[in-house]
Each structure stands twice: as C-alpha cells, then as structure tokens.
J.: 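This is the structure I have questions about; it appears just below.
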Amino acid sequence: MAEQNIAGGVTAAGPAYDPQKIEEKWQKRWAEARVFETEADPSKPKYYVLEMLPYPSGTMHMGHMRNYAIGDVVARVKRMRGFNVLHPMGWDAFGLPAENAAIKNNTHPREWTNKNIAEFQRVLRRFGFSYDWRREISTCEPEYYRWNQWFFLRMLERGLAYRKKSRVNWCPKCCTVLANEQVINGGYCWRHEDTLVESREIEQWFLKTTAYAEQLLDDLKELEGGWPERVILMQRNWIGKSQGAKVKFAVADLAGAEPIEVFTTRIDTIYGATAVILAPGHPLLPKLLKDSPARGEAEAKLGKMLQTSVKTEDLATMEKEGFFTGRYAVNPFSGEKIPIWVGNFVLMEYGTGAIMAVPAHDQRDLGFCRKYALPVRVVVQPKEVESPKAVEGAFTEYGVSVNSGPYSSMESETAIAKMAAFAEQKGFGRAETVFRLKDWGISRQRYWGTPIPVVYCEKDGIVPIPDSELPVVLPDKVKLTGEGGSPLAATPEFVNTTCPKCGGPARRETDTMDTFVDSSWYFYRYCDPRNEKRPYDSTKIVYWFQIDQYIGGITHAILHLLYSRFWCKVMRDLGLITHNEPIARLFTQGMVQKGGVAMSKSRGNVVGAEEMAQKYGADTGRLYTLFAAPPEKDLEWSEESIEGSWRFLNRVYRLVERHAPAIKGVKGGNGDAAASPKEKLLLRKAHQTLRRVTQDFETRWHFNSAIALVMEMTNEIYLQEPLEKEVRPEVRKEVLELLTLMLAPMTPHLAEELWEMLGYSGGLWKASWPAFDEALTREDEVEIPVQVNGRLRGKVKVAVGANADEVEKLARADAAIAPHLAGKAVVKRIFVPDKLLNLVVA
RNA sequence: GCCCGGGUGGCGGAAUGGCAGACGCUGAGGACUUAAAAUCCUCCGAGGAUUUUUCCUCAUGUGGGUUCGACUCCCACCCCGGGCACCA
C-alpha cells in the first residue's frame with residue numbers, strides 16, 4: 001500500500017526515526033504548554049504573520065501546504081528571535097461550491113462546509129503549524145458575518161453602499177451574477193470554463209470603491225519595498241487613472257437635445273476632430289435617431305450591434321464597425337459641424353461613452369475614419385520636423401499645435417491646459433480624471449452568503465435593519481435547487497417581515513454578499529475574535545497592526561488585496577483604526593504543480609497533504625516543499641525528490657542518536673585554545689553555516705539554499721566520523737545543538753525530539769535563535785584562484801590576509817601557473833584579498 | 001499590441017561582478033550483507049589531448065558591448081510563462 005509509513009518497515013535494532021510517533025508527541029506537548037497562544041503585550045515587539053485564509057474544499061493538497069509551511073517558518077524564526085508572534089488561522093467558509101455540492105449531494109451547505117473545515121483543520125494540526133487556534137474564525141458563523149452586515153450599514157449611512165440597475169455578467173450555470181474578474185478567457189465563467197457568460201440587467205447593491213480610487217492609487221506608494229513590484233503595478237493598472245478633459249458637443253438642428261459629452265486625454269487635438277462617436281448603448285441615441293434622416297438604416301444596424309456586442313468573447317479581434325446617425329455635432333472650439341457616428345469599439349462603461357474621433361492623432365480613430373472615408377486633419381506636428389506630407393500612422397505624441405485657431409504654434413502641454421481652462425470658463429467642459437476602476441458589485445443571488453441587512457417597505461422604501469437587530473441570520477431551512485435565482489427569495493419565512501420603521505409588512509432583501517466581503521477585513525477580527533459588541537476592539541488593533549507579513553498566491557494580486565485596502569480606508573474613516581494600509585509586506589508564493597499545471601481537483605493531479613504526512617511525516621513534507629524551489633517560484637512535485645528530504649532527516653536523526661548518550665550530560669561549548677584540527681574544522685563549518693542560514697532566513701527568504709547549507713554541514717560531520725577520539729563531547733554537543741536549532745523552524749517536531757535527546761528537558765520552543773561566533777568562522781588558510789589574463793590557471797594556498805606580493809610569488813612558483821607567465825611581463829595585477837589574483841600579461 | 005517574470009547538466013535548482021553547476025534527485029561503481037533493502041564511500045556538463053596522471057578547449061537562449069574578469073551590468077534579438085487590453 002502506497003500510503004504506508006516507510007519507516008514502518010524498518011525493523012533493525014535500535015529505535016529509528018519514527019515521524020508518526022515523534023510528531024504526535026510534540027504536538028501534544030505544544031498544546032499542553034499553550035506554546036502558540038498569544039496575547040497583546042506592549043512590552044514586547046510584535047510580529048503579525050498571516051497566510052491567506054483557505055476556502056475549505058475537498059482535500060488539502062501540497063499546494064495549500066506549501067503556503068502554510070512558508071508562513072510557519074517565518075512565525076517560528078520570529079518567535080526564536082524574541083517577537084510576540086500573532087499567527088492565526090480561519091476559514092473562508094461562505095461560497096458557491098458549498099451550495100453546489102449541497103445541491104448535488106442533497107445535503108446542507110453548512111454540513112458540507114463544516115465537514116471540510118474539520119478535515120482541513122485536522123490536516124493543518126497534523127502538520128504542526130504554530131497557530132493560535134483559540135483565534136480561529138469561520139466566516140459563515142453569525143458571530144462573524146453580523147459584522148459584515150454592520151459594516152454594510154455604516155457604508156449605507158455614508159452613501160458608500162447603494163443600489164443601481166446595471167448590466168451584469170450572468171452565468172447560466174451558477175445562476176448568479178459574476179464579477180468582471182470572474183469572467184475569464186474573454187467571456188467564460190471562472191468556475192465553468194466552458195460556459196459562456198450572458199449579459200443581463202438587474203438591480204444590484206454596490207460599494208463605492210471609486211470614492212477611494214485616488215487614495216487606493218496614491219497609497220500604493222506606501223507599499224513600495226514591502227509588496228512585490230508587479231502586484232503594485234497590477235493594482236495601478238486596475239485602478240487605471242487617466243487624466244484628460246470632458247467636453248460637450250452640442251447637437252445641431254435638434255431642438256431640446258442635450259449636448260454629447262466626450263472624454264479625451266488630448267483636448268489639444270480637438271480642431272482635428274472629424275466625427276463624434278457614441279457607444280451603441282449611449283442613452284442619447286434613441287432621441288438622435290428618432291427623426292433622423294438616416295433612421296431606418298441606423299436603427300437596423302444598431303439593433304444588430306447591440307445583439308452582437310453582448311458576446312464579449314472576441315472583443316479584441318472584433319472588426320471596428322460603425323454607422324452614421326444622420327445627425328451633426330458642433331465642435332465648441334471651432335464651431336464646425338461634424339457627423340455623429342456610432343462605433344462598436346466605444347465603451348459605455350468607460351469615460352462618458354462617447355469620444356471625438358481625431359484620426360490624425362489616434363491610431364484607432366484613424367483606422368475607423370479610413371474605413372468610412374471620414375476626413376483626416378493634422379493639428380499637431382512634431383517639434384523638429386517641418387511638415388509630414390502623407391499621414392501613414394497617426395502621430396500620437398506631443399508636439400506643436402497647427403491649424404488650431406488661437407492655439408496654433410502652442411506646445412501640446414500648454415495647449416491642453418489652456419484649452420481645458422477655456423472650456424471651463426465657457427461652461428462646455430473641464431479638466432477631469434477618469435478611472436477604469438468601477439464600483440464593487442456585491443449582490444449575489446445565492447443562499448450561502450451574508451444576508452444584506454435591509455428590508456423593502458411599501459411605505460418607507462429601503463429600510464436598513466437597526467444594529468440592535470443584527471445579525472440577520474441566514475435561515476437553515478431553504479430549498480436548494482440550483483435553478484431560478486435566489487433560494488432565499490423562495491423562502492417566505494425569511495422574506496416576509498415587518499418594517500423596522502413603521503411596523504407594516506415588508507419584504508427582506510434576498511441578495512447575499514460577495515464572499516470577498518468576508519475576506520476584506522478578517523485579519524482584524526483575529527485580533528479580537530470573540531468580541532460580541534463590536535467587530536473588534538480598536539486598542540487591540542493598535543498593538544497588532546499592520547500585518548507584518550502576508551503570504552499568499554499571486555491569484556489574489558488584484559481583487560482580494562484591493563478590496564482589503566478599500567475596507568481598511570473605510571474603517572479608518574469610520575474612526576476605528578488609524579493606519580492607511582492593512583498589509584506592510586506581501587509575499588506571493590509560487591504554486592505547486594504536477595505535470596506542469598497547478599494542482600487542482602478538477603485536473604486530478606493533487607497530492608494529498610495528509611497522505612504525505614502518513615507516508616513520510618509532516619517534517620519531511622514541510623522540508624521538501626521548502627527545499628525543492630525558492631518560495632516565490634512554482635514547484636514541480638516529484639515523488640522521487642521527496643525521498644531525498646526523507647533520507648536527510650534520517651541522516652540527521654542517526655547522527656544525533658549516535659552521539660547523544662555521550663554528550664547529553666555535558667554543556668555545549670566552543671572548547672578552548674587547544675582545540676584539535678578536527679574540532680576547529682567542525683566548529684568553523686557550524687558557525688559559517690549558522691551565519692549564512694541566519695542571513696537566508698532574515699533577509700532573503702532563500703529557504704532552499706538554507707537547507708542546502710545545513711545538508712552540507714551534515715555531510716561534513718559524517719565525513720569527520722568517528723568523532724569520539726578527536727572531538728571532545730562539549731564540541732560535539734555544540735555542533736549538533738546548532739544543527740538542531742537551525743532545523744527547528746522547518747522541521748519543528750524532529751528538532752524538538754533531537755533537543756530532548758541532547759539532554760534538554762525544557763522544550764526547544766523556549767530556545768532562542770543562536771548567534772554565530774565570528775572568530776570561529778575564520779579560516780586560517782585560503783585557496784586563492786589565480787588567473788592569467790582573466791583565465792583560471794591554478795590555485796595557491798596562502799594564509800588568510802596574505803598580500804598580493806606573497807600570492808604572486810607562490811603563483812610564479814606553481815607548476816600549473818608558471819608556464820603561462822614565462823617570458824611575459826605583467827602589465828597589470830588585480831588582487832582581491834583572500835579571493836582572487838589576476839595577472840594581466842602583455 | 002502593451003506591461004511584468006523567466007531561459008544554467010538527464011531533472012529540481014546554486015552562484016547578483018571574482019574557481020559556473022553548491023545541495024538534492026536520477027544514473028554508474030564500490031563497501032557491508034548468504035541475499036535484498038537500508039546504510040556508508042566514490043564518480044557523474046560536452047569535446048579533445050594524454051592514457052592510468054593531468055592538461056587544453058567549449059559551455060549559463062542568440063548576437064554584440066562594457067570590464068583585468070560577465071550566469072551576473074548595458075544594447076539588440078529569439079523562445080517560454082503570466083497579467084492587461086478597442087481605456088478615448
């Protein structure tokens with residue numbers, strides 16, 4: 001059986017490394033001693049390290065495990081360094097899969113979820129991660145989600161939550177609305193990659209993320225250095241700030257028509273505008289077309305366009321199409337009449353849904369105007385060149401205005417400022433900034449989520465539930481069919497209620513909240529997880545926040561992190577906290593793959609974490625995920641390679657086991673001046689290793705090379721065996737003790753066991769990270785590579801600190817090097833003390 | 001199209017201006033064993049010269065450059081992965 005513990009087969013004399021036994025033993029002791037339970041303590045420096053909370057689904061695989069292994073190393077190192085470490089864990093427990101599974105298996109989402117939570121928890125405990133389990137939270141519990149509702153009400157009061165009718169992405173399989181970012185591959189559902197998303201219009205709840213667009217952008221500066229550059233960049237692009245101007249074009253010859261407002265980043269090119277182009281869904285269109293001479297044809301084309309534009313699938317490759325409305329607009333600067341067109345490439349959702357086409361200075365406009373034979377007029381010239389004769393591509397850079405009335409011969413920057421000012425003065429426009437970022441649609445027509453706490457009263461309209469009546473509890477008894485919208489809407493006991501204001505009959509909101517709401521602030525709740533009066537006590541936040549280190553997948557680079565940042569700013573403006581950003585440092589770890597693709601249930605390539613723990617033990621599993629690749633890179637799972645980690649831990653175990661009886665009674669130390677060469681060598685190796693491992697843990701997070709160093713040290717000790725005669729017990733102890741301490745953050749159970757074998761009864765969890773002894777790391781002698789003209793020709797052994805002359809003398813005497821110098825004059829000598837000698841000969 | 005990563009042995013990877021390939025996996029050989037497993041030790045980029053010792057050349061995607069010296073810095077290009085995209 002493949003799941004068998006491979007140590008189980010070892011029947012040789014003497015105790016062998018038995019991870020099952022050791023790991024259980026120490027997990028029990030840690031729990032008894034409450035080692036990982038933390039309280040705020042202003043007398044100690046704090047460290048808040050957090051891994052993104054998991055969605056508990058199915059089995060936990062090595063991909064999950066890696067994330068927690070990385071976080072646990074950090075937590076344990078920081079603890080050994082004297083920090084008061086907060087390291088909590090919880091469950092992102094609401095969400096669609098629970099509901100889908102419930103429908104399929106005829107169970108309740110709560111049951112399914114709790115079963116998975118129990119399973120996930122068991123595996124996490126099996127791996128010995130150092131969480132403070134008392135702080136565990138589950139977002140599907142009323143104790144938690146009531147605060148989602150509380151925050152929602154605060155946002156409602158401040159106008160940050162509102163309802164609007166909006167065109168939404170609708171997945172016919174999920175029967176729910178998808179966020180834009182849940183639409184993937186140009187129009188497919190992120191959960192059903194083969195299902196095309198439809199477009200529907202529905203009344204929905206939104207949170208006004210756009211109110212914080214500017215801050216969300218600006219505060220990214222605070223994250224520089226602490227967050228990966230690419231995540232900052234992705235967020236910046238997502239927010240998509242664009243500075244420009246809005247300008248109104250009056251509609252000619254149509255009494256009562258509102259002017260058409262366009263957005264442009266290049267108001268300086270307005271004299272070159274040869275058309276105004278509207279998005280197919282532009283609200284003014286019906287009025288424009290009503291008595292238009294081109295009505296018949298135009299309406300037919302529009303109808304077709306609206307139909308096809310629903311398919312967002314091939315937006316990128318779609319041919320630019322357009323038609324003339326039969327109407328004209330008046331350029332407010334030149335007074336010129338230009339045709340109003342409709343174009344399928346103009347987006348209603350961005351800017352004003354209308355643009356001015358300046359074909360000479362915009363590549364896309366140029367393509368459109370050429371296709372429909374609209375005129376092209378140059379109004380900006382490059383500063384240096386006289387006059388470009390034929391326009392091949394559009395000239396999109398800044399230059400000097402021409403043919404632009406009073407603005408001619410102005411530089412583009414100047415013209416932009418002056419023209420925007422003029423437009424504002426005359427009242428037909430102004431400088432304006434638009435964002436790509438949209439408000440956050442949080443309505444979900446689903447059961448398994450936080451109920452939105454409002455009622456609809458015939459008399460009073462939308463009425464918020466008073467705080468005192470929170471939580472609005474999700475009813476247990478509902479019919480889940482997976483069809484026809486929200487299950488809550490079909491549950492009369494939930495829907496029918498009374499209005500908190502007038503006491504009359506009212507209908508409850510049946511939408512539930514997006515689960516990103518749950519994860520937007522959960523890390524605050526960890527600081528005060530059982531508070532029944534408030535989401536959290538602000539004084540506790542002051543101690544623990546910001547999060548010093550957040551660890552998770554790059555997949556959440558935009559949404560989860562952006563929403564969390566938004567929530568933080570809202571809470572700050574509510575006066576609950578004082579910081580601007582919740583997360584000081586972010587680390588995005590790579591995925592664990594098998595067969596070149598990420599582990600996932602649907603691909604059937606998962607390696608179960610529990611299975612690995614049974615076969616090799618938790619420590620081997622942890623070590624391997626840390627060793628096989630640097631943490632930020634993807635890791636290809638290899639069943640053969642993990643054997644190497646298993647062998648290594650056995651090697652260490654046997655080493656300590658062999659020496660423990662002789663050294664457990666003595667005190668570890670460096671020995672005295674009369675150290676034997678072997679002692680010197682071992683101490684040097686141990687302290688050199690410690691120096692570099694300390695560096696790898698603290699500054700570089702290169703766990704893989706740290707492990708390699710510890711392996712090297714272990715190999716060195718083996719090579720020096722037998723140690724009994726030439727290495728005194730105290731030195732043996734010193735070396736093995738350091739080895740144990742260095743492994744402790746990565747393989748904590750084994751390290752505890754070794755620590756005990758070495759004669760310590762207190763528990764390694766109380767031990768501090770050791771300091772290396774600089775004097776012991778020094779070499780007496782070094783081998784210096786000697787190059788001639790930059791090519792390696794030999795090596796010489798010299799005392800540390802030898803000067804260039806001494807090294808050169810030895811090099812000239814070296815049989816391998818001398819021939820390359822014979823009869824040649826050294827014209828230049830490069831000498832790096834203890835590192836290198838390079839002789840340049842003519 | 002734009003923006004980020006990345007390209008090093010049979011494989012995962014190490015080295016961030018100074019001995020390329022640490023460490024691990026795989027493979028080969030040896031020791032131990034009745035035998036196997038486990039364990040311990042040795043070897044393992046390519047080509048050539050010399051044969052039992054060593055030496056030389058080539059080699060970090062490709063081509064240039066800077067430097068005494070480049071996996072590392074600069075320029076151009078190729079390939080792979082990811083993100084964004086009619087954004088006005």
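Residue numbers begin at 1 in each chain, while the letters A, B, ... track the order of the sequences.
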J.: On a whole-Å scale, what distance lies between the C1' atoms belonging to B:rG30 and B:rC44?
T.: 15 Å
J.: On RNA chain B, does the nearest nucleotide to A:E640 precede the nearest nucleotide to A:K828 from the 5' side, or the other way round? Give the residue.
T.: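 Final value for this comparison: A:E640.
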J.: Quick one: is B:rC19 close enough that its OP1 or OP2 comes under 4.0 Å of any side-chain N or O from A:R793?
T.: no
J.: Identify whether the distance between the nearest side-chain nitrogen and carboxylate oxygen of A:K241 and A:E214 falls below 4.0 Å.
T.: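 Between A:E214 and A:K241 there is a salt bridge, with a charged N closer than 4.0 Å to a carboxylate O.
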J.: Please give the distance between the P atoms of B:rC78 and B:rA88 as a whole number of Å.
T.: 27 Å
J.: Salt bridge check: are A:R658 and A:E724 linked by an N-O gap of less than 4.0 Å?
T.: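 Yes, charged N to carboxylate O under 4.0 Å.
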J.: When we call it a touch if two heavy atoms are under 4.0 Å apart, what does A:N704 touch: a base, just sugar-phosphate, or nothing?
T.: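 Since only primed, P, OP1 and OP2 atoms lie under 4.0 Å of A:N704, the category is sugar-phosphate.
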J.: Starting from P on B:rC86, measure out to CD on A:E349 and report it in whole angstrom.
T.: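 A:E349 atom CD is separated from B:rC86 atom P by 10 Å.
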J.: Could you give the distance separating B:rG63 and B:rU8 at their P atoms, to the nearest angstrom?
T.: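 Each nucleotide's P atom is 16 Å from the other's.
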J.: How would you label the contact of A:T264 with the nucleic acid (heavy atoms, under 4.0 Å): base, sugar-phosphate, or nothing?
T.: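 Sugar-phosphate: the residue A:T264, judged by heavy atoms under 4.0 Å, touches backbone atoms but no base.
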J.: Looking at CG of A:L839 and CG of A:N789, how far apart are the two atoms once the value is rounded to the nearest 0.5 Å?
T.: 9.0 Å
J.: Once you round to the nearest 0.5 Å, how far does CG of A:D18 lie from CG of A:N650?
T.: 10.0 Å
J.: The side chain of A:L836 is closest to which nucleotide in this list: B:rA14, B:rG18, B:rC23?
T.: B:rG18
J.: Grab the N/O contacts between the protein and nucleotides 7-12 of chain B below 3.5 Å, and write none if there aren't any.
T.:
residue	atom	partner	partner atom	Å
B:rG12	O2'	A:A628	O	2.6

J.: Taking only the P atom of each, what is the distance from B:rA76 to B:rA46 in whole angstrom?
T.: 36 Å
J.: Under 4.0 Å from OP1 or OP2 of B:rC41: is there any side-chain N or O of A:N715 that close?
T.: no
J.: From the list B:rC4, B:rA88, B:rC23, which nucleotide is the closest neighbour of the side chain of A:S242?
T.: B:rA88
J.: Classify the nucleic acid contact of A:I830 as base, sugar-phosphate or nothing, counting any heavy atom under 4.0 Å across all strands shown.
T.: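 Base contact - A:I830 has a heavy atom under 4.0 Å of at least one base atom.
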J.: Are the aromatic rings of A:F368 and A:F345 close, with centres under 6.0 Å apart?
T.: yes
J.: Hey, does A:F648 reach any base, or is it just sugar-phosphate, or nothing, if we go heavy atoms under 4.0 Å?
T.: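 No contact.
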J.: With rounding to the closest Å, how many angstrom separate the P atoms on B:rG47 and B:rG10?
T.: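 To the nearest whole Å, 10 Å.
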J.: Scan A:D365 against the nucleic acid and name what it touches under 4.0 Å (heavy atoms): base, sugar-phosphate only, or nothing.
T.: nothing
J.: Specify the separation, in whole Å, of atom CG of A:L366 and atom C1' of B:rG1.
T.: 16 Å
J.: Taking syn as any angle within 90 degrees of 0 and anti as the rest, which one fits B:rG9?
T.: syn
J.: Mind checking A:R700 for me? I need base, sugar-phosphate or nothing, with any heavy atom below 4.0 Å counting as a touch.
T.: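 Since only primed, P, OP1 and OP2 atoms lie under 4.0 Å of A:R700, the category is sugar-phosphate.
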J.: Inspect the contact between A:R236 and A:E229 and indicate whether a charged nitrogen and a carboxylate oxygen are less than 4.0 angstrom apart.
T.: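 Between A:R236 and A:E229 there is no salt bridge, as every charged N stays at least 4.0 Å from the carboxylate O atoms.
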J.: For A:W341 and B:rA88, what is the distance between atoms CH2 and C1' respectively, to the nearest whole Å?
T.: 18 Å
J.: Any N or O donor-acceptor pair under 3.5 Å from the base of B:rC19 to the side chain of A:K795?
T.: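 Under the 3.5 Å cut-off, the side chain and the base do form a donor-acceptor pair.
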J.: Do any side-chain nitrogens or oxygens of A:R692 fall under 4.0 Å of OP1 or OP2 in B:rA22?
T.: no
J.: With respect to the side chain of A:L347, which nucleotide from B:rG24, B:rC40, B:rC87 is positioned closest?
T.: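 That would be B:rC87.
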J.: For the pair made of CZ in A:F368 and P in B:rC87, what is the distance, rounded to whole Å?
T.: 14 Å
J.: Examine B:rC87: is either OP1 or OP2 under 4.0 Å from a nitrogen or oxygen in the side chain of A:R364? Give yes or no.
T.: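 Yes, A:R364 has a side-chain N/O under 4.0 Å of OP1/OP2 on B:rC87.
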J.: Quick one: on RNA chain B, does A:R791 or A:S705 contact a more 5' nucleotide (nearest heavy atom)?
T.: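 On the 5' side of the pair lies A:S705.
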J.: Using a heavy-atom cut-off of 4.0 Å across all strands, would you classify A:R436 as base, sugar-phosphate, or nothing?
T.: base
J.: Run the ring pair (Phe, Tyr, Trp, His ring centres under 6.0 Å) check on A:Y350 and A:F435 step by step: do they pass?
T.: CA-CA 8 Å; A:Y350 184 79; A:F435 292 89; over 10 Å; no
J.: What nucleic acid atoms does A:V346 come within less than 4.0 Å of, heavy atoms only: base, sugar-phosphate, or nothing?
T.: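 Here A:V346 touches the bases of the nucleic acid.
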J.: Let me know the distance between CG of A:N838 and C1' of B:rG69, rounded to the nearest Å.
T.: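 After rounding, the reported distance stands at 6 Å.
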J.: To the nearest Å, give me how far apart CH2 (A:W227) and P (B:rC4) are.
T.: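 After rounding, the gap between these two atoms is 19 Å.
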J.: Between A:N838 and A:I830 (side chain of the first, backbone of the second, donor and acceptor by atom type, cut-off under 3.5 Å), is there such a pair?
T.: no
J.: Look at A:H361 and B:rA88 and indicate whether a side-chain polar atom (N or O) is within less than 4.0 Å of OP1 or OP2.
T.: no
J.: Between B:rG9 and B:rU62, how far apart are the P atoms? Round to whole Å, please.
T.: 10 Å
J.: Provide the distance between the two C1' atoms, one in B:rA35 and one in B:rU26, to the nearest whole Å.
T.: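 Those two atoms are separated by 25 Å.
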J.: Could you measure between the two C1' atoms, the one in B:rA49 and the one in B:rC4, and give it in whole Å?
T.: 48 Å
J.: Using whole Å, what does the distance between atom P of nucleotide B:rC23 and atom CD of A:E712 come to?
T.: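 Nearest whole value for this atom pair: 5 Å.
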J.: Under a cut-off of 3.5 Å for both distances of each Watson-Crick or G-U pair, what dot-bracket string does RNA chain B give, using [ ] for crossing pairs and | for inter-strand pairs?
T.: (((((((..(((.....[....))).(((((.......))))).(((((....)))))..(((((..]....))))))))))))....
J.: Give a yes or no on this: more than 12 heavy atoms of other residues, nucleotides or ligands lie within 6.0 Å of atom CZ of A:R230.
T.: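 No, because the 6.0 Å sphere around CZ of A:R230 holds 12 heavy atoms or fewer from other groups.
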J.: Start with the C-alpha distance between A:R684 and A:E779, add both sets of side-chain angles, then the distance that settles salt bridge (Lys or Arg N to Asp or Glu O under 4.0 Å), and finish with yes or no.
T.: CA-CA 8 Å; A:R684 193 187 306 130; A:E779 306 270 358; 3.2 Å; yes
J.: Could you check how far CG of A:L233 sits from P of B:rC2, rounded to whole Å?
T.: 15 Å
J.: Please confirm whether A:W341 and A:F323 have ring centers closer than 6.0 angstrom.
T.: no
J.: Please determine if A:E349 and A:K438 form a salt bridge, counting it only when a charged side-chain N lies under 4.0 Å from a carboxylate O.
T.: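 No salt bridge links A:E349 with A:K438.
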J.: Please classify the nucleic acid contact of A:R647 as base, sugar-phosphate, or nothing, using heavy-atom distances under 4.0 Å.
T.: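 A:R647: backbone/sugar contact only, no base atoms under 4.0 Å.
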J.: Go through B:rA15, B:rC86, B:rA20 for me and flag the one nearest to the A:N344 side chain.
T.: B:rC86
J.: Under the side chain to side chain contact (heavy atoms under 4.5 Å, CB included) test, which residues partner A:L681, sequence neighbours left out?
T.: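 Per chain and number, A:L681 pairs via side chain to side chain contact (heavy atoms under 4.5 Å, CB included) with A:E716, A:Q720.
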